Amino acid sequence: MVNHKHLRAVVEDIHANGGMLTEDLLLKLINEFRFSNLWIPAKRQNDTLNFIIYDDEEAKITPLFTDLDEFRKFYKDTDIQALQNSFELYQNIIRTTDIEGYILNPASEKYLFTDEFILGITNIPKTNFYTSEPYTKEELKGMYDSIDNSSLEGFIKKRENVGHYEALFEELANSTCLVLMLSPNDLTAYAKDGIISMQETGPMAQMHTDRIGGEYATIFTSKEKLNEVATDYFRYAQIVNVATLVNFILSEDMDGIIINQGSDDVLIPRVELLRYSLGFEKFANDEKLSTSIFYMFPI
């Protein structure tokens with residue numbers, strides 16, 4: 001369950017700095033906040049859910065919670081409900097109600113986000129990568145069969161390129177990357193012409209992640225690299241839209257990406273994904289891959 005550990009860590013650092021926002025802390029706070037999916041309390045009245053508003057020093061505020069444990073610390077009343085929403089809604093509530101700010105985790109952090117601060121944040125993350133003309137499953141299979149990421153592979157093998165994230169992200173934007181899907185069951189019987197359609201079968205496999213020292217999404221440059229992962233599960237490949245994956249990682253409170261886990265093990269930390277998130281949306285977003293998550297290919 002997402003508990004917004006990264007957002008809470010930034011708030012802790014601000015408290016440790018006497019409540020003062022340095023330029024670095026401000027940037028971290030904005031980046032973590034705009035990718036958050038916090039819980040907002042509401043109460044049902046006459047079949048309508050209304051946000052709960054408190055008057056605090058002449059300002060009208062409502063709580064936000066990083067997780068349901070924090071919600072339960074503050075609310076014991078069973079008729080109060082928690083609604084989870086993305087940052088875009090926080091802004092819309094400020095614009096359309098009397099609420100003038102939010103207080104984060106009032107039983108713990110007690111950090112106040114003013115309406116001025118919230119409305120000043122721009123470049124809201126995309127929550128939907130969609131096109132009316134996505135690749136067909138046959139086109140995706142053709143891309144999978146002809147995948148060639150030799151340029152990206154050559155880049156990550158050079159030691160002098162370690163830490164050059166901007167150049168690495170440019171390589172990623174021009175590559176066709178894979179994620180490893182794992183299932184305890186052999187799904188090859190479901191494959192038609194080498195394609196497993198989860199639109200027909202339902203979800204039958206889960207994306208492989210690395211959970212050593214955090215939770216990292218793993219992406220791969222070739223079918224051979226997929227086979228370097230140690231697992232007893234059955235393996236399947238899926239083409240990934242890197243921009244979609246980055247936004248998923250950030251909104252799900254994950255710690256970053258590992259490229260070619262088990263062989264090259266190139267780590268991209270969360271802080272760098274946050275820093276370049278807008279660039280991924282603009283330059284690494286092939287919207288025609290919007291339905292690629294529904295198709296897998298037996299390795």
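The figures here come from the full heavy-atom set of this structure, side chains too, leaving out hydrogens, waters and symmetry mates. Because the structure is a prediction, the values reported are computed rather than measured.
- Residues Ile99 and Phe51 approach most closely at CD1-CB, 4.1 Å, considering heavy atoms.
- Of the possible donor and acceptor atoms, one in the side chain of Thr218 sits under 3.5 Å from a partner among the backbone N and O of His208.
- Under the 4.5 Å side-chain heavy-atom criterion for ILVMFWY residues, a single connected hydrophobic cluster contains both Ile118 and Leu21.
- No hydrogens or angles considered: a donor-acceptor pair under 3.5 Å links the side chains of Asn105 and Thr66.
- Interatomic distance, OG of Ser277 versus CG of Asn31, reported as 6.0 Å (0.5 Å rounding).
- Remark: the backbone N or O of Pro269 is not paired with any side-chain donor or acceptor of Glu272 at under 3.5 angstrom.
- Sparse packing is recorded around CD of Glu116, with 12 or fewer heavy atoms of other residues, nucleotides or ligands lying under 6.0 Å away.
- Formation of a donor-acceptor pair under 3.5 Å by the Ser251 side chain with backbone atoms of Phe35 is not found in this model.
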Stepwise side-chain hydrogen bond (donor to acceptor under 3.5 Å, both in side chains) test for Arg34 and Ser86: CA-CA 8 Å; Arg34 69 191 185 92; Ser86 64; over 6 Å; no

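- Closest approach of Leu273 and Gly256 over heavy atoms only: CD1-CA, 3.9 Å.
- For Phe297 and Tyr295, the distance between ring centers is not under 6.0 angstrom.
- Within a 6.0 Å sphere centred on CD of Glu170, other residues, nucleotides and ligands contribute 12 heavy atoms or fewer.
- Judged by distance alone, the side chains of Asn260 and Asp265 never bring a donor and an acceptor atom under 3.5 Å apart.
- Between the side chains of Tyr233 and Asn185, no donor-acceptor pair is found at a separation under 3.5 Å.
- Side-chain atoms of Ser183 and Arg235 include no donor-acceptor pair closer than 3.5 Å.
- Judged by distance alone, the side chain of Lys76 and the main-chain N or O of Arg72 form a donor-acceptor pair under 3.5 Å.
- Taking the ring axis of Tyr144 as reference, the NZ or CZ atom of Lys223 stays within 45° of it and closer than 6.0 Å to the ring centre.
- Checking side-chain atoms of Thr22 against main-chain N and O of Leu25 turns up a donor-acceptor pair under 3.5 Å.
- Atom NZ of Lys5 has more than 12 heavy atoms from other residues, nucleotides or ligands within 6.0 Å.
- The number of heavy atoms from other shown groups lying within 6.0 Å of CZ (Phe155) is above 12.
- A salt bridge does not link Asp69 to Lys73: none of the charged nitrogens lies less than 4.0 Å from a carboxylate oxygen.
- Taking 4.0 Å as the cut-off between side-chain N and carboxylate O, Asp13 and Arg8 do not count as a salt-bridged pair.
- In this structure a side-chain-to-backbone donor-acceptor pair under 3.5 Å is missing from Asn17 to Gly19.
- Ser108 and Glu70 form a side-chain donor-acceptor contact under 3.5 Å, judged by distance and modelled atom types alone.
- Under a cut-off of 6.0 angstrom, the local environment of CG in Asp193 is sparse, with at most 12 non-hydrogen atoms contributed by other residues, nucleotides or ligands.
- Atom CD of Gln45 is surrounded by more than 12 heavy atoms from other residues, nucleotides or ligands within 6.0 Å.
- Proximity of a side-chain donor or acceptor of Asp186 to a complementary backbone N or O of Phe234 within less than 3.5 Å is not detected.
- Asp148 and Ser150 share a donor-acceptor pair across their side chains, judged by distance under 3.5 Å alone.
- Aromatic rings from Tyr102 and Phe113 are positioned such that their centres are separated by 6.0 Å or more.
- Counting only N and O atoms by type, the side chains of Ser151 and Glu171 include a donor and acceptor under 3.5 Å apart.
- For Arg270 against Met254, the heavy-atom pair with the smallest separation is NH1-O, 2.7 Å.
- Remark: Glu138 CD is packed, more than 12 non-hydrogen atoms of other residues, nucleotides or ligands lying under 6.0 Å away.
- Put simply, the side chain of Gln84 gets close to the backbone of Asn37: a donor and an acceptor are under 3.5 Å apart.
- Here the side chain of His15 pairs a donor or acceptor atom with the backbone of Glu109 at under 3.5 angstrom.
- Residues Tyr90 and Phe33 bring their aromatic ring centres within 6.0 Å.
- Under the 4.0 Å criterion applied to side-chain N and carboxylate O atoms, Lys225 and Glu153 are not assigned as salt-bridge partners.
- From Ile219, atom CD1 reaches atom CD1 of Ile239 across 13.5 Å, with rounding to the nearest 0.5 Å.
- Under the 3.5 Å distance criterion, the side-chain polar atoms of Asn85 are left unmatched by any main-chain donor or acceptor of Leu38.
- Defined by atom type and a distance below 3.5 Å, a donor-acceptor pair is present between the side-chain atoms of His6 and Asp255.
- A ring-centre distance under 6.0 Å is not found for Tyr165 and Tyr276.
- With 3.5 Å as the limit, one finds a donor-acceptor pair spanning the side chains of Asn241 and Thr244.
- Checking each of Glu281, Glu88, Glu287 against Lys126 for a salt bridge (Lys or Arg N to Asp or Glu O under 4.0 Å) leaves exactly one that passes, namely Glu287.
- Under the 3.5 Å distance criterion, with hydrogens and angles disregarded, no donor-acceptor pair is assigned to the side chains of Tyr216 and Gln261.
- Nearest heavy-atom pair, Ala243 versus Phe280, reported as atom, atom and distance to 0.1 Å: CB-O, 3.3 Å.
- Here the OG-CD distance, from Ser292 to Glu139, works out to 12.5 Å after rounding to the nearest 0.5 Å.
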